[in-house]
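As structure tokens, the structure follows; a few thoughts come after it.
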Amino acid sequence: PGRRAAAGRRFEVTLPKPLGLVLEEDKQGIVVAEVVEDGNAAQSALIAVGDRLVATSAIVYGKEQDYGGVKVRSGEQKVKLAVQGESFDTVMAAIGTHPGHVSVELEFEKHDNDGAD
């Protein structure tokens with residue numbers, strides 16, 4: 001199924017929600033802290049604990065109209081957000097902008113999982 005990326009290599013994966021992974025912030029950015037067994041990330045066979053998140057997609061809306069007090073958003077666009085320099089909350093919010101039917105595009109850098117920090 002999935003291809004393994006060499007340490008230091010970047011790779012992209014598209015996952016439906018729920019992603020099936022736990023992300024945490026460390027001194028150098030956002031890393032995969034856990035891959036949920038049988039979750040969407042595990043099924044990709046690409047993502048491992050320690051992989052560093054480089055970018056995520058986000059959904060933005062170009063228009064908002066008011067119909068009798070009901071705000072309707074339109075002009076949906078998927079954009080790419082580079083996570084370096086962004087807060088953890090901003091990155092999680094970007095991932096959260098995807099409606100359930102829209103997959104999240106993630107870019108990671110493969111970590112050398114030899115236990116060294």
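The structure displayed is predicted, hence computed values, not measured ones.
Remark: A41 pairs with L15, L21, V35, I47 by the side chain to side chain contact (heavy atoms under 4.5 Å, CB included) rule, at least two apart or across chains. In this view, V36 and E34 satisfy the side chain to side chain contact (heavy atoms under 4.5 Å, CB included) rule, not counting sequence neighbours. V83 meets the side chain to side chain contact (heavy atoms under 4.5 Å, CB included) test with L53, T56, V91; sequence neighbours excluded. Under the salt bridge (charged side-chain N to carboxylate O under 4.0 Å, His left out) criterion, K17 pairs with no residue at all, not counting sequence neighbours. Q28 pairs by the side chain to side chain contact (heavy atoms under 4.5 Å, CB included) definition with D26, R52, not counting sequence neighbours.
Atom CD of E64 has more than 12 neighbouring heavy atoms from other residues, nucleotides or ligands inside a 6.0 Å radius. Within a 6.0 Å radius of CD in Q84, no more than 12 heavy atoms belonging to other residues, nucleotides or ligands are found.
If you take CG on D89 and CE on M92, they are separated by 8.5 Å, rounding to the nearest 0.5 Å. Distance check, rounded to the nearest 0.5 Å: CD of E12 to CG of L46 gives 11.5 Å. Considering CG of L19 and OG of S44, their distance stands at 10.5 Å, rounded to 0.5 Å.
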Checking R10 against V54 for the side chain to side chain contact (heavy atoms under 4.5 Å, CB included) test, could you report, in this order, the C-alpha distance in whole Å, the side-chain angles of both residues, the deciding distance, and whether it holds?
CA-CA 8 Å; R10 288 187 178 191; V54 175; 3.4 Å; yes
Worked verdict on K80 versus S57 for side chain to side chain contact (heavy atoms under 4.5 Å, CB included) = CA-CA 4 Å; K80 188 172 186 176; S57 58; 5.8 Å; no
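Between E109 and R9 there is no salt bridge, since no side-chain N of the basic residue sits under 4.0 Å from a carboxylate O of the acidic one.
Nearest heavy-atom pair across A94 and L81 is CB-CD2, 3.7 Å. Closest heavy-atom contact between D51 and F108: CB-CD2, 4.2 Å. Scanning both residues, F11 and K110, for their nearest heavy atoms gives CE2-CE, 3.8 Å.
A donor and an acceptor atom, one from each side chain of S103 and H98, are nowhere located under 3.5 Å apart.
Hydrophobic cluster of V102: the remaining members, joined at side-chain heavy-atom separations below 4.5 Å, are I59, Y61, listed by chain and number.
The shortest side-chain heavy-atom distance between V104 and T14 does not fall under the 4.5 Å cut-off.
Side chain of N40 to backbone of P18: a donor-acceptor contact under 3.5 angstrom is found.
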